[in-house]
Undergrad: 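Take a look at the following structure, please.
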Amino acid sequence: MGRMEHPASRRVQGDNLSYFLEDPGTGTLYRRGQLLGKGAFGRCYKFTDASTGKIYAIKIVPQSRISRLESRGKVEREIELHRHLSHRHVVGFHRHFADRDNIYMILEYCSHKSLAHVLKARKTLTEPEVRYYLRQIIAGLRYLHQQGIIHRDLKLSNFFLTKNMQVKIGDLGLATRDEQAGRRRGVVCGTPNYLAPEVIAKKGHSFQSDIWALGCILYTALTGCSPFEITDKQEMYQCIREGRYPTPTHLSPGARKLIGRLLAPSPSERPSLEEVLEDEFFTQGFTPDKLPSRACHSVPIFAL
Ligand code: ADP
C-alpha cells in the first residue's frame, strides 16, 4: 500500500483489476483496497481517492457478466435510479463510469457493513435498537417513495452502516419507478427476499409491498428468524397469503401489534410510513439518539 505505481501497472491475477483506477471524466485516481463483498453481477472494493484520502466503496461489474441485454438493462437501471438520489439515509452515489472491461459505481463507504452482519453476530436486537435503526430506514424509504421509487428488495443486508452507525439504504438493483411497476404488473423481477402476498399473486409490487418487507424486517431483527421460513415453497406461499406466522410471544405487546399491522395480507390495510412512526411501538418506547459501534457485536447498555 502507498507505493506510487503507474496506473494499471499492477494487475492482480484472475480478476484483471489494476491497483489504481482512474476516473476518465475527472482524472481522479483511486487506490484499491480490500474486497468488501461479492454481489450478483460483480464485486465491491474499498478504494481511496489518492489526492484527498477519502474512502469509497466501488462496485465493479465486469462487462462480460452483463453481455446479455437483460442483465445489462438491470445494471443500467440501477445506475439511472441511484445516481439522482441524495439523502442522509440512502447510500450516496458519487459517480459512475465504464471502460472496456467494467462498469464502476463509486459509492459512499459504509465501514460497519450491514444490519445482516450485525444480526448474525448478535442473533437478536433489542427493541430500542430496532427503533433506532427503523426510524432511519423509514426516513430513507420515505424519501425513495417520495421520489416515486419502490425499492422491492428491502432486507437487512441492504441496510448499510457507516462508521457513526448511521443507516443507509443501498442496493437499488431491484428498484423501480412506480409507473414502470404498473406497466410491469405480474412480473417478479429478480428474487426479492421478502415476497408480499400481492407479489406472489402476480399483482405487482407497490409501495405497500415495501411496507410488508418492513414487517418481515422488524420480526427478523427482534426474533432472529424470518416470519416465513422456507420449508416447502407452496406452504410458505400459503402462509404469506394468509399472513400466518409463528407468534413471537416473548416480544412486547407493542412490537407484536406493529408486526401484525405491517404483515396485513391486504396491501391497503397496511399502515403508511407516517402511520408506522405514529404507532405506539415508536411513541411509547425509548429510542436512543446514537448507538456505539460495539452494538455491532454486543448488547448496548443505554444510560436512560
Ligand atoms: P448485490 O447488489 O448483488 O447484493 P453489491 O455489489 O451491492 O451486491 O454488494 C456486494 C457486497 O459489497 C455487499 O454484500 C456488501 O458487503 C459490500 N458493499 C456494497 N456496498 C457497500 C458500501 N457502500 N459500503 C461498504 N460495503 C459495501
Undergrad: Under 3.5 Å, side chain of Glu269 to main-chain N/O of Ala264, donor-acceptor pair present?
TA: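 No.
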
Undergrad: Donor-acceptor pair, distance only, cut-off 3.5 Å: does the side chain of Ser18 make one with the backbone of Phe20?
TA: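 The answer is yes, because a donor-acceptor pair under 3.5 Å joins these two groups.
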
Undergrad: Passes side-chain contact (heavy atoms from CB on, under 4.5 Å), Ile106 versus Phe97? Steps please.
TA: CA-CA 9 Å; Ile106 307 182; Phe97 55 90; 3.5 Å; yes

Undergrad: Are side-chain N/O atoms of Arg72 and Gln63 paired as donor and acceptor at under 3.5 Å?
TA: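 Per modelled atom types, Arg72 and Gln63 side chains form a pair under 3.5 Å.
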
Undergrad: Roughly how far apart are Ser206 OG and Ile150 CD1, rounded to 0.5 Å?
TA: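 Reported value, rounded in 0.5 Å steps: 6.0 Å.
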
Undergrad: Does Arg177 reach the main-chain N or O of Gln147 with its side chain, forming a donor-acceptor pair under 3.5 Å?
TA: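 Yes; at least one donor-acceptor contact below 3.5 Å.
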
Undergrad: Under the rule for side-chain contact (heavy atoms from CB on, under 4.5 Å), what residues qualify as partners of Thr28, not counting sequence neighbours?
TA: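 Per chain and number, Thr28 pairs via side-chain contact (heavy atoms from CB on, under 4.5 Å) with Asp23, Thr26, Tyr30, Asp49.
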
Undergrad: Going by side-chain hydrogen bond (donor to acceptor under 3.5 Å, both in side chains), name the pairs with one or both residues in residues 236-245, residues two or more places apart or in two chains.
TA: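 Found Gln238-Arg241, Gln238-Glu242, Glu242-Arg244.
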
Undergrad: If you compare all heavy atoms of Ser272 against all heavy atoms of Ile211, which two are closest, and at what distance to 0.1 Å?
TA: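 For Ser272 versus Ile211, the nearest heavy atoms are C-CD1, 4.4 Å.
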
Undergrad: When hydrophobic residues are tied together by side-chain contacts of less than 4.5 Å, even through go-betweens, does Phe160 share a cluster with Ile58?
TA: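 Result: no, two separate clusters.
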
Undergrad: Return the set of residues passing salt bridge (charged side-chain N to carboxylate O under 4.0 Å, His left out) with Lys257 (not counting sequence neighbours), or none when no residue passes.
TA: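 So Lys257 forms a salt bridge (charged side-chain N to carboxylate O under 4.0 Å, His left out) with Glu280.
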
Undergrad: Evaluate the criterion side-chain contact (heavy atoms from CB on, under 4.5 Å) for residue pair His117 and Cys296; output intermediate values, then yes/no.
TA: CA-CA 8 Å; His117 293 94; Cys296 289; over 6 Å; no

Undergrad: Mark yes or no for whether Lys168, through its side chain, and Arg88, through its backbone, hold a donor-acceptor pair below 3.5 Å.
TA: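 Such a contact is found between Lys168 side chain and Arg88 backbone.
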
Undergrad: Can you confirm if the aromatic rings of Phe47 and Tyr56 lie within a centre distance of less than 6.0 Å?
TA: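 They do not qualify: ring centres at least 6.0 Å apart.
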
Undergrad: Should Ile79 and Ile103 count as side-chain neighbours, where that means a heavy-atom distance under 4.5 Å?
TA: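 In short, these two side chains touch, coming nearer than 4.5 Å.
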
Undergrad: Does any N or O in the side chain of Arg270 come within less than 3.5 Å of the main-chain N or O of Pro265, such that one atom is a donor and the other an acceptor?
TA: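 Pair found, side chain donor or acceptor close to backbone of Pro265.
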
Undergrad: Taking atom CD1 of Ile60 and atom CZ of Arg43, what is their separation to the nearest 0.5 Å?
TA: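 Nearest 0.5 Å value for the CD1-CZ distance: 9.5 Å.
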
Undergrad: Is Leu277 reachable from Leu141 through a run of I, L, V, M, F, W or Y residues, each pair having side-chain heavy atoms under 4.5 Å apart?
TA: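 Same cluster: Leu141 reaches Leu277 through Ile, Leu, Val, Met, Phe, Trp or Tyr contacts under 4.5 Å.
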
Undergrad: Which heavy atom in Cys110 sits nearest to a heavy atom in Val91, and how many Å separate them?
TA: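 For Cys110 versus Val91, the nearest heavy atoms are SG-CG2, 4.4 Å.
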
Undergrad: Between atom NE2 of His96 and atom CG of Leu107, what is the distance when rounded to the nearest 0.5 Å?
TA: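 Output value for this atom pair is 11.5 Å.
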
Undergrad: Please answer: with hydrophobic residues joined when any side-chain heavy atoms are less than 4.5 Å apart, are Phe282 and Phe159 in the same cluster?
TA: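 Hydrophobic grouping puts Phe282 with Phe159.
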
Undergrad: Could you pull out the closest heavy-atom pair between Pro288 and Pro128, with the gap in Å?
TA: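 Nearest pair, atom of Pro288 first, then Pro128: CD-O, 3.3 Å.
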
Undergrad: For residues Leu144 and Leu172, determine if any side-chain heavy atom of one lies less than 4.5 Å from a side-chain heavy atom of the other.
TA: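 Yes, side chains in contact.
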
Undergrad: In terms of the angle between their ring planes, are Phe286 and Phe302 parallel, tilted or perpendicular, with boundaries placed at 30° and 60°?
TA: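 Answer is perpendicular, since the angle exceeds 60°.
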
Undergrad: Yes or no on side-chain contact (heavy atoms from CB on, under 4.5 Å) for Leu115 and Ile217, after CA distance, side-chain angles and deciding distance?
TA: CA-CA 10 Å; Leu115 275 179; Ile217 287 155; over 6 Å; no

Undergrad: Between Glu229 (side chain only) and Ser226 (backbone N and O only), is there a donor and an acceptor less than 3.5 Å apart?
TA: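 Answer holds: yes.
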
Undergrad: Do His89 side-chain atoms and Val167 backbone N/O form a donor-acceptor pair below 3.5 Å?
TA: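 Checked: pair present.
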
Undergrad: Which residues pass the salt bridge (charged side-chain N to carboxylate O under 4.0 Å, His left out) test with Glu80, sequence neighbours left out?
TA: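 Here the qualifying residues are Arg83.
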
Undergrad: State, with a plain yes or no, whether a side-chain heavy atom of Thr220 is found less than 4.5 Å away from one of Tyr194.
TA: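 When only atoms from C-beta onward are counted, Tyr194 and Thr220 do touch, with a gap below 4.5 Å.
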
Undergrad: Can you pull out every side-chain hydrogen bond (donor to acceptor under 3.5 Å, both in side chains) where at least one residue sits in residues 285-297? Sequence neighbours excluded, please.
TA: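 side-chain hydrogen bond (donor to acceptor under 3.5 Å, both in side chains) check on residues 285-297 returns Arg135-Thr287.
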
Undergrad: Of all heavy-atom pairs between Met105 and Val61, which one has the smallest distance, and what is that distance?
TA: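 It is CE-CG2, 4.1 Å.
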
Undergrad: What residues form a ring-ring contact (aromatic ring centres under 6.0 Å, His included) with Phe207, not counting sequence neighbours?
TA: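 ring-ring contact (aromatic ring centres under 6.0 Å, His included) list for Phe207, sorted by chain: His145.
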
Undergrad: Examine Ile169 and Leu125 and state if one hydrophobic cluster contains both, with Ile, Leu, Val, Met, Phe, Trp and Tyr joined whenever side-chain heavy atoms are less than 4.5 Å apart.
TA: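 Yes, Ile169 and Leu125 fall within the same hydrophobic cluster.
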
Undergrad: Under the side-chain contact (heavy atoms from CB on, under 4.5 Å) rule, collect the residues that match up with Pro62, sequence neighbours excluded.
TA: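 Pro62 satisfies side-chain contact (heavy atoms from CB on, under 4.5 Å) with Ser64, Arg65, Asn102 only.
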
Undergrad: Looking only at atom types and distance, does a side-chain atom of Asp153 sit under 3.5 Å from a main-chain N or O of Asp171, one as donor and one as acceptor?
TA: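 Answer holds: no.
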
Undergrad: For the residue pair Leu262 and Tyr219, establish whether any side-chain heavy-atom pair is separated by less than 4.5 Å.
TA: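 With C-beta onward as the side chain, the pair stays apart.
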
Undergrad: State the CG-CZ distance between Leu258 and Arg131, to the nearest 0.5 angstrom.
TA: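 Going from the CG atom of Leu258 to the CZ atom of Arg131 covers 10.5 Å.
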
Undergrad: Within the distance-only criterion (no hydrogens, no angle test), does the side chain of Arg261 pair as donor or acceptor with the backbone N or O of Asp279 below 3.5 angstrom?
TA: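 No; judged by distance alone, with no hydrogens or angles, the pair does not exist.
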
Undergrad: Output all residues satisfying salt bridge (charged side-chain N to carboxylate O under 4.0 Å, His left out) with Glu275, sequence neighbours left out; order by chain, then residue number.
TA: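 With sequence neighbours excluded, Glu275 shows a salt bridge (charged side-chain N to carboxylate O under 4.0 Å, His left out) to no residue whatsoever.
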
Undergrad: Any non-hydrogen side-chain atom of Leu156 less than 4.5 Å from a side-chain atom of Asn193?
TA: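 No, too far: nothing below the 4.5 Å cut-off.
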
Undergrad: Please round to the nearest 0.5 Å and tell me the distance separating atom OH of Tyr45 and atom CG of Leu17.
TA: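 Reported to 0.5 Å precision, the distance equals 5.0 Å.
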
Undergrad: Can you tell me which residue pairs pass the salt bridge (Lys or Arg N to Asp or Glu O under 4.0 Å) test with a partner in residues 116-126, sequence neighbours excluded?
TA: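 Sorted pair list: Arg122-Glu129.
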
Undergrad: Between atom OG1 of Thr176 and atom CZ of Arg152, what is the distance when rounded to the nearest 0.5 Å?
TA: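 That separation rounds to 4.5 Å.
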
Undergrad: Taking salt bridge (charged side-chain N to carboxylate O under 4.0 Å, His left out) as the definition, give me every residue that meets it alongside Arg100, ordered by chain and number, with sequence neighbours left out.
TA: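 Salt bridge (charged side-chain N to carboxylate O under 4.0 Å, His left out) list for Arg100, sorted by chain: empty.
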
Undergrad: Is there side-chain contact between His205 and Asp210, with heavy atoms separated by less than 4.5 Å?
TA: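 When only atoms from C-beta onward are counted, Asp210 and His205 do touch, with a gap below 4.5 Å.
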
Undergrad: Mind checking what makes side chain to side chain donor-acceptor pair (under 3.5 Å) contact with Ser266, not counting sequence neighbours?
TA: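 Residues passing side chain to side chain donor-acceptor pair (under 3.5 Å) with Ser266: Ser268.
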
Undergrad: If you take all heavy atoms of Met165 and Ala295, which pair is closest and at what distance?
TA: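 That closest heavy-atom pairing would be CE-CB, 4.4 Å.
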
Undergrad: Under 4.5 Å between any side-chain heavy atoms of Leu263 and Trp212, yes or no?
TA: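 The answer is yes; the side chains approach within 4.5 Å.
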
Undergrad: Run the ring-ring contact (aromatic ring centres under 6.0 Å, His included) test against His82 and tell me which residues pass, sequence neighbours left out.
TA: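 Checked His82 against ring-ring contact (aromatic ring centres under 6.0 Å, His included); matches are Phe93.
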
Undergrad: Under 4.5 Å between side-chain heavy atoms, hopping through other hydrophobics if needed: is there a path connecting Tyr109 to Leu21?
TA: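 Each belongs to a different hydrophobic cluster.
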
Undergrad: Does Ser252 offer a backbone N or O that forms a donor-acceptor pair with the side chain of Glu127 under 3.5 Å?
TA: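 Flag set: sc Glu127 to bb Ser252 pair under 3.5 Å.
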
Undergrad: If every non-hydrogen atom of Leu81 is compared with every non-hydrogen atom of Leu85, which pair is closest and at what distance?
TA: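 In terms of heavy atoms, the two residues are closest at O-CG, 3.3 Å.
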
Undergrad: Going by heavy atoms in the side chains, are Tyr133 and Leu161 under 4.5 Å from each other?
TA: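 Yes, their side chains come closer than 4.5 Å.
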
